[in-house]
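Just so we're on the same page: letters track the sequence lines, and every chain starts at 1.
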Protein chains: 2
Amino acid sequence: MDAVSYLSQAERHCAQRGCRLTELRRRVLELVLRHDGVVKAYQVLADLQRERGPAAPPTVYRALDFLVEQGLLHRVEALNGFIVCEHFECHHDGLFLVCQDCGRVLELDAAQGLSSLCAATAQLGFTIAPQNLVLTGTCKACLA
Amino acid sequence: MDAVSYLSQAERHCAQRGCRLTELRRRVLELVLRHDGVVKAYQVLADLQRERGPAAPPTVYRALDFLVEQGLLHRVEALNGFIVCEHFECHHDGLFLVCQDCGRVLELDAAQGLSSLCAATAQLGFTIAPQNLVLTGTCKACLA
DNA sequence: TGACTTATGTTATACTGTAACGCTAATCCA
DNA sequence: TGGATTAGCGTTACAGTATAACATAAGTCA
């Protein structure tokens with residue numbers, strides 16, 4: 001999906017949920033979109049500063065948190081980063097495959113993988129919450 | 001396993017591997033053992049300072065890194081923490097179930113769970129590296 | 001309009017982790 | 001044994017990540 005139609009869908013998504021995709025939040029989302037893969041908060045902050053002058057960390061973190069809440073971004077904890085969610089219309093758990101060599105990130109739906117883990121942990125009485133999973137490894141291109 | 005026998009096994013483990021469980025490393029391991037579940041590096045640092053006076057972060061991080069290398073501890077990236085490995089004799093991937101409510105951590109062997117994920121990602125040509133997995137959820141006690 | 005809520009700006013600081021340098025203690029080998 | 005070499009540790013300084021707390025501005029609605 002190109003950035004423009006992604007943004008307009010995001011706009012509609014927020015409207016439906018009765019929350020405001022403000023100028024700042026939209027701008028932050030665009031900045032994340034512009035990057036391929038995972039972006040760091042401080043990278044976004046730097047980009048934002050280049051555009052609009054002085055800005056402090058909370059400005060960016062608040063916008064990112066909002067976007068994660070709305071399902072537009074994933075927070076990838078293991079990488080201290082954020083990544084655009086490709087399918088924010090349906091709720092889902094993300095499964096991220098991070099290549100150790102090239103750093104590229106693939107996103108899958110984790111439902112399948114998680115269900116088998118769910119079954120295993122259910123025996124212990126442990127209930128798994130919805131969440132993103134990050135697996136590191138080596139991608140096709142880097143293996144070759 | 002109680003701390004004393006754990007430490008003596010750790011001692012033997014290191015000797016077999018031809019590396020030195022020095023006084024400092026042993027001390028750090030003891031401090032981690034003393035905590036139930038996941039410990040933060042800076043918590044260990046604080047404990048160490050209380051015992052031996054001034055100490056800086058690298059002192060603790062180096063010892064922790066060593067212990068992770070030897071398989072005595074797991075580094076739990078998603079939590080920025082460290083936890084004692086219950087079965088360091090066999091190499092394995094850890095699967096950590098972290099309770100959102102009480103913070104307690106269960107360790108399982110991740111081999112089973114990972115294998116199904118492995119199969120899924122293999123179709124994409126992605127090879128998963130050995131790693132620890134963290135799942136958050138709610139434990140038996142907190143569900144009740 | 002005025003009261004209220006939400007969003008943003010601003011300052012300061014906490015937490016996590018590492019680079020780089022130098023010294024000391026252990027190990028090795030001629 | 002003694003000199004070279006390496007491993008371990010102390011120390012300083014700093015980079016990167018994240019949030020608390022308070023002030024201000026902008027939107028909302030009676």
With heavy atoms under 4.0 Å as the rule, sort A/Thr59 into base, sugar-phosphate or nothing. base
Does A/Arg50 pair with A/Asp47 as a salt bridge, N-O distance under 4.0 Å? yes
Measure OH/B/Tyr61 against P/D/dG10 and give the value in whole Å, please. 16 Å
Please determine whether any donor N or O and acceptor N or O are separated by less than 3.5 Å between the side chain of B/Tyr42 and the base of C/dA14. no
Testing the basics here: between A/Lys40 and A/Asn80, what is the closest heavy-atom pair and its distance to 0.1 Å? CD-O, 3.3 Å
OP1 or OP2 of C/dG9 less than 4.0 angstrom from a side-chain nitrogen or oxygen of A/Arg52, does that happen here? yes
Between atom CZ in A/Arg26 and atom C1' in C/dA7, what is the gap in whole Å? 17 Å
Whichever of B/Pro58 and B/Leu24 has the more 5' nearest nucleotide on DNA chain D, that residue is B/Leu24
May I have the distance from A/Lys40 (atom NZ) to C/dG17 (atom P), rounded to whole angstrom? 12 Å
Using atom CZ of A/Arg27 as one end and atom C1' of C/dA7 as the other, report the distance to the nearest whole Å. 18 Å
side-chain N/O B/Thr22 vs D/dA7 OP1/OP2, d < 4.0 Å: no
Using whole Å, what does the distance between atom P of nucleotide D/dG27 and atom CG of A/Leu21 come to? 14 Å
Atom pair CG (B/Leu73) and CZ (B/Phe82), whose distance is rounded to the nearest 0.5 Å: 7.5 Å
Between D/dT6 atom C1' and B/Arg62 atom CZ, what is the distance in whole Å? 15 Å
Looking only at heavy atoms, which two atoms of B/Tyr6 and B/Val84 are closest? And how far apart? OH-CG1, 3.2 Å
Using whole Å, what does the distance between atom C1' of nucleotide C/dG17 and atom CD of B/Gln43 come to? 17 Å
Let me know the distance between CG of B/Leu45 and P of D/dT12, rounded to the nearest Å. 14 Å
Counting side-chain heavy atoms from CB outward, which of C/dT27, D/dA18, C/dT18 is closest to B/Arg20? C/dT27
Carboxylate-amine/guanidinium proximity below 4.0 Å for B/Glu30 and B/Arg26: yes
Can you tell me which nucleotide in C/dT8, D/dT17, D/dG8 comes closest to the side chain of A/Arg25? C/dT8
N/O (side chain, A/Asn80) to phosphate O (OP1/OP2, D/dA18) under 4.0 Å: yes
